[in-house]
Amino acid sequence: MVEVTGASDQPLLVAEGLTKSYGRLAACRDVSFVLYPGEVLAIVGESGSGKSTLLQMLSAQLAPSGGRVSYRMRDGVLRDLAELGEAERRFLFRTDWGYVHQDPAQGLRMAVSAGANVGERLMAVGWNNYGRIRQTASSWLERVEIDVARIDDAPRTYSGGMRQRLQIARNLVTEPRLVFMDEPTGGLDVSVQARLLDLMRSLVNELGLAAIVVTHDLAVARLLSHRVMVMKEGRVIETGLTDQVLDDPREPYTQLLVSSILPA
Amino acid sequence: MYVAVMGGERAIENAHRLLAHERRGDRSVPELSLSQISEQLGLAVDRVMSEGALYDRELAALAIKQARGDLIEAIFLVRAFRATLPRFGATEPVDTGAMRVQRRISSTFKDIPGGQVLGPTFDYTHRLLDPGLAEGGNPAAPALAATSDVPMPRVTDILRQDGLIEPSPVAEEDAPVGDLTRDPLSFPAGRDLRLQNLARGDEGFLLALGYSTQRGYGRNHPFAGEIRFGEVEVEFFAEEIGFAVPLGSIELTECQMVNQFKGSATEPPCFTRGYGLAFGQSERKTMSMALVDRALRARELGEDVVAPAQDEEFVMSHSDNVQATGFVEHLKLPHYVDFQSELGLLRKLRREFADANAAPEMKEAAE
Amino acid sequence: MNAPTYNFAYLDEQTKRMIRRAILKAIAIPGYQVPFASREMPMPYGWGTGGVQVTAAILGPKDVLKVIDQGSDDTTNAISIRKFFAKTAGVETTTSTDAATVIQTRHRIPEAPLRAGQVLVYQVPIPEPLRFLEPRETETRRMHALAEYGLMHVKLYEDIARFGHIATSYAYPVKVNARYVMDPSPTPKFDNPKMDNCPALQLFGAGREKRIYAIPPYTPVVSLDFEDHPFTRYKFDAPCALCGAEESYLDEIVTDDKGSRMFVCSDTDYCEGRQAAGHRGVESAAPHKEAANG
Ligand SMILES: Nc1ncnc2c1ncn2[C@@H]1O[C@H](COP(=O)(O)OP(=O)(O)OP(=O)(O)O)[C@@H](O)[C@H]1O
Ligand SMILES: [Mg+2]
Ligand SMILES: [Zn+2]
């Protein structure tokens with residue numbers, strides 16, 4: 001199990017009774033939890049269980065049908081996301097938050113260079129020195145194990161694994177406090193996944209990042225997260241410390257998940 | 001010794017004189033009269049009135065003559081004139097249900113109240129060049145029948161009685177009529193403004209977009225519910241006297257497409273509509289317009305916006321041929337200054353490129 | 001037939017009022033693009049209809065109008081627009097920058113410094129500086145509203161990464177009054193510094209795109225750049241061949257079929273003024289003018 005590094009007693013994000021309905025279908029029902037700074041929470045569950053829906057509500061990209069999400073801003077005040085103005089929300093998104101998409105093409109500018117992809121958030125918050133931006137971008141490429149010689153190449157010319165690492169660098173460059181990830185290793189082959197997971201684990205540790213990771217892969221949850229939430233048909237059916245839930249699942253559904261997918 | 005070229009003013013005057021000369025053509029050939037144009041090139045006049053957004057056959061004919069038959073240029077002339085006219089108000093909506101129909105067809109029902117009326121149409125003519133027409137002469141008089149008083153309800157109204165098609169949206173009583181020639185357009189635009197834009201839109205552009213929806217770029221399964229062409233009365237509500245006064249009649253073509261149905265858990269399924277309207281007889285234009293109108297309703301009807309014809313900003317920003325031709329043709333204007341900047345920059349970049357690439361080679365050569 | 005009759009300066013008074021309201025709003029929010037109900041003008045879109053509408057809306061009978069295109073009063077489009085106003089407004093026209101109260105321009109800012117009380121009207125083809133980075137109007141308006149200009153810098157970054165310089169030589173983006181990023185119209189970046197803290201009022205009209213924007217007198221206008229790759233004004237290798245000016249923007253003239261070139265001021269009024277004052281370049285001669293009666 002992973003130790004919480006930047007632990008603090010003030011919650012960073014609070015979800016209360018989050019619900020999302022599409023007509024008669026409740027994609028997500030009454031989800032509540034608290035996330036602390038530096039804590040990594042994995043949301044697991046089978047396809048269609050509501051994981052992505054929940055993540056989008058948590059990151060203010062989708063308005064809930066019920067319930068609310070509050071976030072502690074850098075000034076220490078806990079704010080209801082629904083009450084933030086669009087400017088504030090977009091500012092959060094390019095400074096304090098990161099969002100790693102399953103499909104890197106959604107999170108990158110595929111036609112501009114890797115350097116500019118990483119540098120964009122810095123420029124958006126007012127960095128105005130080309131040399132420093134480039135230097136910072138290079139050091140982030142190194143950190144995510146991309147050959148710095150490729151800094152002027154567009155992600156179009158990158159492999160799937162490289163794109164995903166570039167997306168992570170692009171998100172982390174402003175040192176956010178919270179990163180959302182939706183199936184960050186989906187679509188990659190097993191050896192590439194393992195390397196990426198290793199990398200994410202060390203970055204999360206080094207930076208004391210809080211993260212919410214959606215995955216249907218319990219190996220990802222085990223490697224990255226402190227806590228796990230198991231979802232089924234839009235509800236949270238089990239939650240707890242990762243090792244506890246995965247080694248000793250109480251719910252029959254979780255037992256099924258664990259036994260069918262995770263051999264060790 | 002360098003001498004700067006001047007005298008652009010005289011060049012312009014001479015160019016205009018030459019243009020007038022070319023417009024007239026061989027002076028031994030009799031000059032076209034406006035009535036010849038409006039009587040014998042009627043469909044060109046119709047198009048210029050529609051896209052010029054001004055119902056005046058004589059002015060449209062004049063514009064066609066002045067533009068040497070270049071219809072987009074003629075449309076431009078009419079528009080520029082139209083922009084200077086004072087605006088007294090908006091007429092009452094015309095009632096196309098009460099149209100004095102010359103042509104009316106439906107592809108959805110074999111027989112309809114009032115019947116199918118083929119009217120003047122190129123459809124079913126064999127497209128064989130007619131040498132007889134080169135000679136001229138008078139064609140046979142048209143066959144006549146007694147006018148009929150049988151009402152001709154719109155096919156969509158018949159479908160509406162059973163709730164099989166969505167209701168026509170009803171405008172709010174007091175809402176002002178949107179006018180994209182008087183107010184700046186902003187997106188998303190309401191359907192009133194979209195239809196105005198399409199009505200003025202270039203026939204060729206709309207034809208291509210409508211065609212693209214049929215080929216799968218935003219498919220919406222259209223049926224030509226009804227196309228009708230004929231005369232309608234135009235009325236204007238005069239505040240001072242408190243009732244609507246007739247202004248006269250105009251010829252219109254209306255196309256109502258019946259499209260793919262929608263429906264949901266809360267709403268029963270029903271057909272949807274696409275609408276086209278143009279001055280004169282303009283079937284290609286109104287049919288294309290109806291296809292594009294329906295495509296542009298994608299968002300409102302909960303469909304994915306994936307094709308150009310469904311993209312409101314794309315369609316509305318590029319449909320106007322007067323705008324388009326101006327901007328494309330402005331490339332003829334001098335761009336010396338911009339070009340000089342680019343030239344300077346390019347030379348510099350090429351110099352630097354040459355220096356950077358020459359250096360290592362020279363080193364190698366020296367070794 | 002409905003024979004046309006036209007108002008002073010062509011547009012009807014109601015339309016002029018509408019345009020003046022847009023201009024006032026533009027002046028109140030420097031660099032912000034105000035939508036306006038652009039009219040169809042009797043010249044094609046893309047040929048200065050925005051500038052013409054702005055000029056028509058502000059012109060009074062006592063104004064003295066100068067029209068330039070590419071810096072020159074004698075280019076065909078400049079002549080055509082000048083004649084339009086001479087005919088529809090009957091105002092006095094001039095080629096002298098100094099004598100003019102209203103100057104309509106395409107692609108240049110005059111070399112002679114402008115003064116308080118003058119108005120410079122720019123013809124603008126594409127008013128949106130972010131247009132080629134983001135084609136959607138709904139999105140670019142949001143970016144302006146939230147002052148999200150990171151994307152603009154991404155473009156500049158890419159230029160430097162690829163070419164070693166910011167490779168934008170005209171329509172070089174500026175920030176107005178420390179708030180809105182603005183397209184200066186396709187003037188060469190050489191002219192950008194003239195916009196900053198300028199005593200004259202600068203108005204921009206885009207007819208086809210239906211936008212008006214403004215830089216009020218004495219407003220800070222900063223060309224976007226990086227600290228370590230600062231904005232530089234283009235410098236020509238040689239002075240004007242006719243008047244010897246060192247600090248003016250030059251046109252390149254191909255003088256024979258062997259590719260010989262010479263460089264002369266693009267601002268013809270400025271160049272002639274200098275020559276009249278006795279300045280000489282290597283190819284000096286008074287430019288030949290055809291007699292007015294031809
Ligand atoms: N926009 C939408 N409209 C209607 N139903 C939706 C919409 N988005 C999601 N749903 C439904 O909500 C439920 C939850 O979807 P969600 O995408 O959150 O699942 P998931 O757990 O992320 O699945 P996966 O692991 O396959 O990504 C599904 O039944 C889905 O069909
Ligand atoms: Mg999902
Ligand atoms: Zn000179």
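Keep in mind it's a predicted model, so treat the numbers as computed, not measured. We use all heavy atoms of the structure for the numbers below, so side chains are in, but hydrogens, waters and symmetry mates are not.
- Proximity to chain C (any heavy atom under 4.5 Å) is restricted, for I151(A), to the side chain, taken from C-beta onward.
- Figure legend: cation-pi geometry between R177(A) and W97(A) absent, as NZ or CZ is not positioned both under 6.0 Å from the six-membered ring centre and within 45° of its axis.
- Applying side-chain hydrogen bond (donor to acceptor under 3.5 Å, both in side chains) to D69(C) and the options H107(C), R106(C), Q104(C) leaves one that passes, R106(C).
- Classification of the Y213(C)-F204(C) ring pair by plane angle, with boundaries at 30° and 60°, yields parallel.
- Side-chain contact, R108(C) with S266(C): a donor N or O sits under 3.5 Å from an acceptor N or O.
- At a 4.5 Å heavy-atom cutoff, Y149(C) makes no contact with chain A through either its backbone or its side chain.
- If you measure heavy-atom distances from R121(A) to chain C, you find no contacts under 4.5 Å at all.
- Across all their heavy atoms, L196(A) and Q164(A) have their closest contact at CD2-CG, 3.7 Å.
- Contacts of H153(C) with chain A are made by both backbone and side-chain atoms, with heavy-atom separations under 4.5 Å.
- The part of R142(C) that comes within reach of chain A is its side chain, from C-beta onward, which places non-hydrogen atoms under 4.5 angstrom from that chain.
- In terms of heavy-atom pairs under 4.5 Å with chain C, the best-connected choice from A124(A), A87(A), S113(A) is S113(A).
- A cation-pi contact links R233(C) to F190(C), judged by a cut-off of 6.0 Å to the six-membered ring centre and 45° from its axis.
- Interface residue D152(A): only side-chain heavy atoms are found under 4.5 Å from chain C.
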